[in-house]
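In what follows, every heavy atom counts, from backbone to side chain, and hydrogens, waters and symmetry copies are set aside. Source: prediction; values computed, not measured.
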Amino acid sequence: MAVRYELLKQCKQSGARLGRLHTPHGVIETPIFMPVGTLATVKTMSPEELKEMDAQIILSNTYHLFIRPGHEIVKEAGGLHKFMNWDRPILTDSGGFQVFSLGDLRKITEEGVQFRSHLSGEKLFLSPEKAMEIQNALGADIIMAFDECPPYPAEYEYVKNSTERTYRWLKRCKEAHGRPEDQALFGIVQGGEYRELREESARQLVDLDLPGYAVGGLSVGEPHEMMFEILGYTTPLLPKDKPRYLMGVGSPEALIQGAILGIDMFDCVLPTRIARNGTTMTSEGRLVVRNAKFTRDFGPLDPNCDCYTCRNYSRAYLRHLIKADETFGLRLTTYHNLYFLLNLMHQVRQAIMEDRLLDFRDEFMMKYYGTLN
Ligand SMILES: CNc1nc2cc3nc(NC)[nH]c3cc2c(=O)[nH]1
Ligand SMILES: [Zn+2]
């Protein structure tokens with residue numbers, strides 16, 4: 001079977017658990033943060049640097065690779081692993097989220113979604129079948145069902161209809177999946193902010209006995225507390241012996257709280273995106289290194305970080321590069337931000353091992369945010 005989850009330890013203090021996810025391209029330790037490589041590259045990072053920082057799995061986007069260079073090209077290259085020279089696990093999303101974030105450039109029907117390419121403007125179409133054809137061609141170890149991520153807020157009726165259609169689409173994905181033996185298809189729980197819709201969606205997905213389950217429809221503008229409340233009653237409905245993936249999350253606080261609520265996998269563009277404008281995550285909170293106050297600060301970006309950037313360069317140098325729009329500056333801030341989140345999850349796994357995750361959370365929150373919640 002494509003992907004097998006091994007539950008190693010259930011945290012005594014919380015819903016968190018320590019696990020290992022066995023895939024055709026290697027083992028992933030969970031809870032895990034997955035760097036996002038939208039266009040078959042984690043922007044400015046080489047595969048060697050990603051391995052150096054212990055990135056164990058990366059994400060790529062179906063919508064973007066479908067638009068450019070096209071999934072046939074990637075297939076002819078021997079698949080995504082070969083194309084981007086990454087021999088560890090890859091997860092591809094199904095394109096749903098990107099297409100829905102195109103706003104009114106798209107039309108949703110039972111068949112699928114009609115939209116215009118954000119590059120050429122040409123009319124394109126994504127459906128459960130098309131999303132599976134593309135992901136089968138890309139060859140990722142974990143692939144996502146084609147779903148609709150409803151906007152927030154959204155009326156009960158809208159979310160009910162959308163979630164029911166997303167379930168019908170999931171069954172079509174399962175039907176159309178050409179490579180179930182080497183690519184694990186994860187379903188995506190929807191239901192918006194409505195508990196009975198979330199519970200119905202989770203029940204229907206679990207009945208399909210899938211290799212993994214994502215919680216979708218979150219991190220779309222809803223209040224933090226609402227996301228944690230929804231996770232609180234959704235993850236317990238998912239099988240303990242399968243991985244749970246919270247899509248599009250997130251901030252350091254959300255990663256820790258998500259793990260406490262039983263989430264095993266996270267992805268977010270935050271660390272790479274904010275790095276490009278010189279914003280970094282450090283052990284003492286966010287630090288905007290392009291800020292004038294760092295002009296003569298010759299100390300490391302983060303004194304408590306042992307990453308390549310913090311061991312070899314100063315805040316003054318980073319500020320200079322970012323101000324001068326030097327590519328090397330983007331590389332150094334990206335390297336640190338990714339290292340920071342990957343290392344945060346390493347500390348979370350340690351804390352689960354030692355049954356002190358809640359204490360770790362309090363210590364981290366105090367240092368990073370200066371508060372306990
Ligand atoms: C591929 N399907 C799918 N992707 C998602 C990506 C997300 N990214 C965020 N915040 C950045 N929320 C998300 C929800 C979904 C979701 O509900 N479905
Ligand atoms: Zn660092």
Identify whether the distance between the nearest side-chain nitrogen and carboxylate oxygen of [X] and [Y] falls below 4.0 Å.
X      : Y      : answer
Lys160 : Glu164 : yes
Arg165 : Glu110 : no
Lys82  : Asp87  : no
Glu148 : Arg106 : no
Arg17  : Asp264 : yes
Asp209 : Lys242 : yes

### Task
Test side chain to side chain donor-acceptor pair (under 3.5 Å) on Glu49 and Ser46 and set out the steps.
CA-CA 5 Å; Glu49 287 165 328; Ser46 71; 3.3 Å; yes
Min side-chain heavy-atom separation [X]-[Y] under 4.5 Å:
X      : Y      : answer
Met1   : Pro211 : no
Trp86  : Leu50  : yes
Gln13  : Ile352 : no
Phe115 : Lys123 : no

#### Entry: The single option from Phe125, Tyr63, Trp169, Phe186 passing ring-ring contact (aromatic ring centres under 6.0 Å, His included) against Phe146
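So, applying the ring-ring contact (aromatic ring centres under 6.0 Å, His included) to Phe146 and each of Phe125, Tyr63, Trp169, Phe186, only Trp169 qualifies.
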If we count only N and O atoms by modelled type, under 3.5 Å, do the side chains of [X] and [Y] hold a donor and an acceptor together?
X      : Y      : result
Glu29  : Gln56  : yes
Thr166 : Asp147 : no
Glu6   : His22  : yes

[X] (side chain) donor-acceptor with [Y] (main chain) under 3.5 angstrom:
X      : Y      : result
Thr163 : Gly191 : yes
Asn136 : Gly178 : yes
Ser201 : Leu197 : no
Asp141 : Ile90  : yes
Asn337 : Met281 : yes
Glu129 : Cys173 : no

### Task
Show your reasoning for whether side-chain contact (heavy atoms from CB on, under 4.5 Å) applies to Tyr152 and Met226.
CA-CA 11 Å; Tyr152 175 81; Met226 179 182 280; 3.6 Å; yes
### Query
Who pairs with Tyr167 by ring-ring contact (aromatic ring centres under 6.0 Å, His included), at least two apart in sequence or on another chain?
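By the ring-ring contact (aromatic ring centres under 6.0 Å, His included) rule, Tyr167 matches no residue at all.
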### Query
Would you call the rings of Tyr156 and Tyr194 parallel, tilted or perpendicular if under 30° counts as parallel and over 60° as perpendicular?
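Geometry flag for Tyr194 against Tyr156: perpendicular rings.
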### Query
On the ring face of Tyr5, is Arg20 found with NZ or CZ under 6.0 Å from the centre and within 45° of the axis?
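The answer is no; the distance or angle limit is not met.
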### Message
Hydrophobic clusters here meaning ILVMFWY residues chained together by side-chain heavy-atom distances under 4.5 Å, can you tell me if Tyr233 and Leu218 are in one?
### Response
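Yes.
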### Query
What about Phe228 and Ile230, same hydrophobic cluster or not, with Ile/Leu/Val/Met/Phe/Trp/Tyr joined at side-chain heavy-atom distances under 4.5 Å?
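The answer is yes; both residues are in one hydrophobic cluster.
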### Query
Which pair of heavy atoms, one from Ser117 and one from Leu124, lies closest together, and at what distance?
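Looks like CB-CD1, 3.7 Å.
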